[in-house]
Amino acid sequence: MVIKKICCIGAGYVGGPTCSVMALKCPDIEITVVDLSKERISQWNSNDKLPIYEPGLMEIVQKCRGRNLFFSNDIVSAIKKADLIFISVNTPTKTFGLGKGRAADLKYVEGAARMIAENAEGSKIVVEKSTVPVKAAESIMSILKANNKPNSSYRILSNPEFLAEGTAVEDLINADRVLIGGEESAEGQDAIRELSWVYEHWIPSSKIVTMNTWSSELSKLAANAFLAQRISSINALSAVCESTGADVSEVARAIGLDSRIGPKFLQASVGFGGSCFQKDILNLVYICECLNLPHVAAYWQQVIDMNEYQKTRFAEKVIASLFNTVTGKQIALLGFAFKKNTGDTRESPAIHVATHLLAEGAHLHIYDPKVEHSQIIDELNSSTLDPDKIKRNVIIHTDAYSAIKNTHALVICTEWDEFVSLDYEKIHSDMMKPAYIFDGRKILDHDYLQKLGFQVQTIGKRLNRDLGRSWGSQNHQS
Ligand code: NAD
Ligand code: UGA
């Protein structure tokens, strides 16, 4: 079978960019991205603003949309006519029932599988692109087989996605590797070849790695666990640096020069965020517990525990430095997205820092260049804080200068480039004195800021020695 038509179920951060790049690189294939959400699909069809912000994506969508790329709510027709169907729906952490707070909630994957089973005709390749627990493909196959129509047949592949938000287009065009897992049967191997053929339109075949389905599913969880583990490891060392006078950037450079370790993902920070690291590690921990491997589960759980510690440690450092109280103080919080170049706030460390400061009575002035104001408020409202307190004590600003004016402290939670080039001389004169900067992303020139008169605190490096000793050291060493 030559793949001529593809349907992608789920028009989110993965389905949208992946299919847009695929459509760009495969003009001979017609790709329809479908979703239950009418709003999301109409945004994908708009010329003003896509539902997600991703550098370079709008240009690709405008080039391909209406040619061989379509966004639609007509899920049934798209399934019927497709040769290959990607399942790219969300797989969040379960919020109730068995495995609550840890296991992946597969209800959306199951919903997509049932829609395929009800509507597909003929031979289809069904591709799991969502991140799922090991052996999820077995459950999808059971649903498809139990509802098998006489004229339909399925082959299932695992093809996890490795793009990172903010660099999705680049990651998709120049992927380190494409992973395809399938059955060892002749049919399974044929399906792998057919999906490989799609990717070979732009990915060198040497970078297309094939393996059995369970290895492929586990490799995705393992990749995210390893990446997050590096961040938690360097963040753990950042606490040692702050207590000893070592500088975590120097330590990261020294260890990163070892070719066995490598320099990437060693940037100490306020903590990692994003929709997947925490969710996927929790999922791995749950799988290990179910497999009666408590030591393995505890090992990976530590990556998340260290991340929680880091976020709390940073928020407490702000409070400790501001004379152990932020009650009634005006604090500017710059950056609400979980990293730069995205408007995504899922599990953003900024939420943790903001709620911690609000709980201590601070007044927050929040600015992020890409996050919608309503989204910031929604995130804060889903915390345990009293909504009235949020209404009273939070102001969302449309530029950094207005957020910072007349505040006691400025807290950087996201590494947006524009925060580096702000006029800090003007900012210093606009702030209350002593003026504090807490750089949770290590992006600013701390020596320069200190020369301007700021009290500066950052991650993994002790600055303002005297203040650090008298105020900062009590809390965050506890
Ligand atoms: P998302 O929430 O942005 O998008 C998922 C979409 O699926 C939503 O628009 C939802 O309406 C839709 N959907 C759910 N059930 C549906 C159904 N039955 N029919 C049609 N549409 C349906 O999620 P995402 O961030 O794109 O993540 C999708 C999957 O990819 C997850 O498993 C995630 O772990 C994985 N992943 C995400 C990223 C990332 O950067 N966000 C990267 C790699 C892998
Ligand atoms: C991550 C992985 O990098 C992708 O390969 C994977 O496909 C994706 O998860 C997923 O499965 O969803 P993403 O979460 O979009 O991608 O972004 P990352 O660049 O990995 O950053 C995650 C978090 O770690 C961010 O909060 C970032 O600021 C933080 N980070 C990253 C650090 O604190 N230090 C670093 O050195 C790197």
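Excluded from the calculations below are hydrogen atoms, water molecules and symmetry mates; all remaining heavy atoms, backbone and side chain alike, are included. Both ligands and their constituent atoms are indexed starting at 1 by order of listing.
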Between [X] and [Y], does any side-chain donor sit less than 3.5 Å from a side-chain acceptor?
| X | Y | value |
| --- | --- | --- |
| N235 | S238 | no |
| E217 | S158 | no |
| N45 | S42 | no |

Return the orientation label for the [X] and [Y] ring planes: parallel under 30°, perpendicular over 60°, tilted otherwise.
| X | Y | answer |
| --- | --- | --- |
| W44 | F71 | parallel |
| F277 | F265 | perpendicular |
| H356 | H352 | parallel |
| W416 | Y53 | tilted |

Distance from [atom] to nearest protein heavy atom, with residue and atom:
| atom | answer |
| --- | --- |
| atom 26 (O) of ligand 2 | F338 O, 2.8 Å |
| atom 6 (C) of ligand 1 | D35 OD2, 3.5 Å |
| atom 13 (N) of ligand 1 | V89 CG1, 3.7 Å |

Have a look at [options] and point out the one with the heavy atom closest to [atom].
| atom | options | value |
| --- | --- | --- |
| atom 40 (O) of ligand 1 | E128, E165, E110 | E165 |
| atom 29 (C) of ligand 2 | I459, L221, I231 | I231 |
| atom 2 (O) of ligand 1 | V14, L36, N90 | N90 |

Legend entry - K442 side chain to Q267 backbone, donor-acceptor under 3.5 Å: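 No.
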Legend entry - Main-chain N/O of A268 paired with R441 side-chain donor or acceptor, under 3.5 Å: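 Flag not set: sc R441 to bb A268 has no pair under 3.5 Å.
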Inset, instruction - Give me the one residue out of E194, E183, E128 that meets salt bridge (charged side-chain N to carboxylate O under 4.0 Å, His left out) with R155. - result: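 With R155 as partner, salt bridge (charged side-chain N to carboxylate O under 4.0 Å, His left out) holds for just one option, E194.
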Inset, instruction - With heavy atoms of E161 as the reference, note each atom of ligand 2 found under 4.0 Å away. - result: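 Reading through ligand 2 atom by atom, the close ones are 7 (O).
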Inset, instruction - Number the atoms of ligand 2 from 1 as they appear, then name those within less than 4.0 Å of a heavy atom of C276, with their elements. - result: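 Counting atoms of ligand 2 from 1, those under 4.0 Å from C276 are 10 (C), 11 (O), 12 (O).
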Inset, instruction - State whether the number of non-hydrogen atoms from other residues, nucleotides or ligands found under 6.0 Å of L257 atom CG is greater than 12. - result: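 Correct, the count exceeds 12.
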Could you tell me whether [X] approaches ligand 1 through its side chain, its backbone, both or neither, with non-hydrogen atoms closer than 4.0 Å?
| X | result |
| --- | --- |
| I52 | neither |
| C276 | side chain |
| R346 | side chain |

Inset, instruction - Before accepting this row, confirm whether a basic side-chain N of the pair E110/R114 lies closer than 4.0 Å to the acidic partner's carboxylate O. - result: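 Salt bridge between E110 and R114, a charged N being under 4.0 Å from a carboxylate O: yes.
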Legend entry - Side-chain ion pair, R462 and E242, N-O less than 4.0 Å: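 Answer for the salt bridge query: no.
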Provide the number and element of each atom of ligand 1 under 4.0 Å from a heavy atom of [X].
| X | value |
| --- | --- |
| I75 | 19 (N), 20 (C) |
| K279 | 33 (C), 34 (O) |
| S88 | 5 (C), 28 (C) |
| S275 | 41 (N) |
| K220 | 43 (C) |

Inset, instruction - May I ask you to check if ligand 1 and F162 share an N or O to N or O distance below 3.5 Å? - result: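 No, F162 has no N/O under 3.5 Å of an N/O on ligand 1.
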Legend entry - T131, any N or O under 3.5 Å of ligand 1 N or O: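 Such a contact does occur with ligand 1.
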Legend entry - Sub-4.0 Å heavy-atom approach of L163 to ligand 2: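 The answer is yes: ligand 2 sits under 4.0 Å from a heavy atom of L163.
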Legend entry - R441 near ligand 2 by a heavy-atom separation under 4.0 Å: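 Yes.
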Which one holds for [X] and ligand 2: side chain close, backbone close, both close, or neither close, with close meaning a heavy atom under 4.0 Å?
| X | result |
| --- | --- |
| S269 | side chain |
| K220 | side chain |
| N224 | side chain |

